[in-house]
Amino acid sequence: MSQKKLSSFFKTIQKTSPTCKRKIDPNTTASENESPAAKAPKLGDEISLAELDGNVDSDSAYNSEDTKGSSWSTLSSQDASNKLSQPENVERSSIFQPSHESVIAEIAQLADEFAVVDKKMGPSWYKALKSEFRKPYFAKLSKFVTEERSKAEIYPPPDKVWSWTKECSLDNIKVVILGQDPYHNPGQAHGLCFSVLPPVPPPPSLVNMYKELTTDIEGFTTPNHGYLVGWARQGVLLLNACLTVRKNMANSHKDQGWEQLTSSVIKYLNDHKTGLVFMLWGAYAQKKAEFVDKKKHCVLKTVHPSPLSASRGWFGSKHFSKCNEYLKSVGKRPIDWNRLPAK
């Protein structure tokens with residue numbers, strides 16, 4: 001092709017390329033300001049972490065048309081479409097990354113060493129938290145929980161402690177809802193905060209969450225159960241600060257090491273992700289805000305939905321719609337809070 005034709009060709013491309021309306025922050029680095037397309041994975045990159053866990057609810061088909069006018073809006077709808085056409089936070093350098101089979105083998109080995117670990121832990125979370133499992137506190141924590149199980153009934157059951165890693169892929173995460181410790185009554189806790197397995201009726205705090213949803217989210221229909229896995233599979237991390245508890249003894253496993261592990265989860269998400277929504281309800285959860293960079297993420301705070309505090313600011317907080325408004329403003333698919341299958 002002649003030089004004249006080449007020049008004409010590139011001018012045509014420039015005219016037809018979409019313009020980026022995203023604001024450039026002069027205080028950020030060049031890499032932070034580069035376009036989503038520039039961060040796209042190259043040929044030969046490893047599969048995303050979500051593919052390891054198997055629960056993928058991709059944003060790639062979502063094309064927001066109603067972000068304009070939003071108080072959170074930082075991207076045009078065209079920018080959002082471009083951004084969503086690329087996987088988020090895809091791991092690079094596949095040559096040096098372990099295969100899926102080797103990760104599964106590592107988890108099994110860890111579970112043989114520490115009884116508190118589930119062999120079916122989500123692989124993406126294992127990779128993210130691998131260094132934590134080799135710290136002295138984790139060995140002490142595992143010993144404590146093992147001894148507790150030998151002399152009392154502990155919730156949730158061993159195969160449910162790590163449910164949050166199985167149902168919510170690290171690569172797909174968009175929202176964090178933080179609880180304190182698991183439900184301590186029989187049959188309730190199953191590893192996702194605020195959630196209970198059918199046919200257990202929704203506990204009072206979850207009942208109040210449903211009440212707020214009916215006034216905040218148009219068309220929300222209160223389900224006849226309290227199973228929140230439908231949220232988790234859309235990228236809502238339902239994480240308790242403590243992951244185990246004695247039967248009928250709230251906070252009985254406090255300060256044994258779980259808080260250090262779950263704080264490391266928050267820190268990892270803050271450092272390795274952008275555009276997450278942290279929904280922190282009550283003073284206990286709000287302590288974790290110190291680990292979150294509010295320039296990178298959205299932090300929503302209000303009182304706990306418990307009947308003891310809900311009347312002091314929970315009702316009318318509109319956290320669920322505010323969460324979706326922010327997600328759309330950064331080009332992510334909003335959460336369908338109505339998607340709550342009983343299975």
Item to complete: Answer yes or no: does atom NZ of Lys318 have more than 12 heavy-atom neighbours from other residues, nucleotides or ligands under 6.0 Å?
Response: yes
Response to the item:
Rounded to the nearest 0.5 angstrom, the CG-CG distance for Leu276 and Leu237 is 9.5 Å
Contacts under 3.5 angstrom, residues 136-143 side chains, donor-acceptor by atom type, not counting sequence neighbours:
from   : atom 1 : to     : atom 2 : distance (Å)
Tyr137 : OH     : Glu132 : OE1    : 2.7
Ser142 : OG     : Ala115 : N      : 3.3
Ser142 : OG     : Val116 : N      : 3.4

Discussion item. Please determine whether the number of non-hydrogen atoms from other residues, nucleotides or ligands lying under 6.0 Å from atom NZ of Lys294 exceeds 12.
Written reply: yes
Item to complete: Would you mind checking if Lys130 and Glu106 are paired as a salt bridge, meaning a charged N to carboxylate O distance below 4.0 Å?
Response: yes
Fill in: Sequence-distant partners of Asn338, side-chain hydrogen bond (donor to acceptor under 3.5 Å, both in side chains), two or more places apart
none
Discussion item. How about CD on Glu290, more than 12 heavy atoms from neighbouring residues, nucleotides or ligands closer than 6.0 Å, or not?
Written reply: yes
Worksheet item: From Cys298 SG over to Met279 CE, what is the distance, rounded to the nearest 0.5 angstrom?
Response: 9.0 Å
Worksheet item: Is the number of heavy atoms from other residues, nucleotides or ligands within 6.0 Å of CD (Glu113) greater than 12?
Response: yes
Discussion item. Looking only at the side chains, is there a donor atom on one of Ser321 and Asp216 sitting less than 3.5 Å from an acceptor on the other?
Written reply: yes
Fill in: Lys/Arg-Asp/Glu bridge criterion (N-O < 4.0 Å) met for Asp118, Lys166
yes
Worksheet item: Is the centre of the Trp125 ring less than 6.0 Å from the centre of the Trp164 ring?
Response: yes
Worksheet item: So, Tyr155 versus Glu153: side-chain donor-acceptor pair below 3.5 Å or not?
Response: yes
Practice prompt. Mind checking salt bridge (Lys or Arg N to Asp or Glu O under 4.0 Å) for Lys254 and listing every partner two or more places apart, or none if nothing turns up?
Written response: none
Worksheet item: Relative to each other, are the rings of Phe220 and Tyr210 parallel, tilted or perpendicular (30° and 60° limits)?
Response: tilted
Practice prompt. Quick one: closest heavy-atom pair of Pro202 and Gly226, and the distance?
Written response: CG-N, 3.9 Å
Worksheet item: For the side chain of His297 and the backbone of Asp293, is there at least one donor-acceptor N/O pair under 3.5 Å apart?
Response: no
Discussion item. As an exercise, state the distance from OG1 of Thr244 to CD of Glu148, rounded to the nearest 0.5 Å.
Written reply: 8.0 Å
Practice prompt. Tell me yes or no: between the side chains of Ser195 and His190, is some donor less than 3.5 Å from an acceptor?
Written response: yes
Practice prompt. Apply side-chain hydrogen bond (donor to acceptor under 3.5 Å, both in side chains) to Lys119 and list each qualifying residue two or more places apart in sequence or on a separate chain.
Written response: Asp112
Worksheet, complete the sentence: Across all chains, not counting sequence neighbours, the salt bridge (Lys or Arg N to Asp or Glu O under 4.0 Å) partners of Glu259 are none
Show every donor-acceptor pair shorter than 3.5 Å between a side-chain atom in residues 308-316 and any protein atom, with sequence neighbours excluded, or say none if there are none.
from   : atom 1 : to     : atom 2 : distance (Å)
Ser309 : OG     : His304 : O      : 2.7
Arg312 : NH1    : Leu308 : O      : 2.9
Trp314 : NE1    : Asn208 : O      : 3.0

Discussion item. Return the CD to NE2 distance between Gln256 and His253, rounded to the nearest 0.5 Å.
Written reply: 7.5 Å
Worksheet item: How are the rings of Trp231 and Phe320 set relative to one another: parallel (under 30°), tilted (30 to 60°) or perpendicular (over 60°)?
Response: tilted
Worksheet entry | Donor on one side chain, acceptor on other, Asn240 and Gln180, under 3.5 Å | no
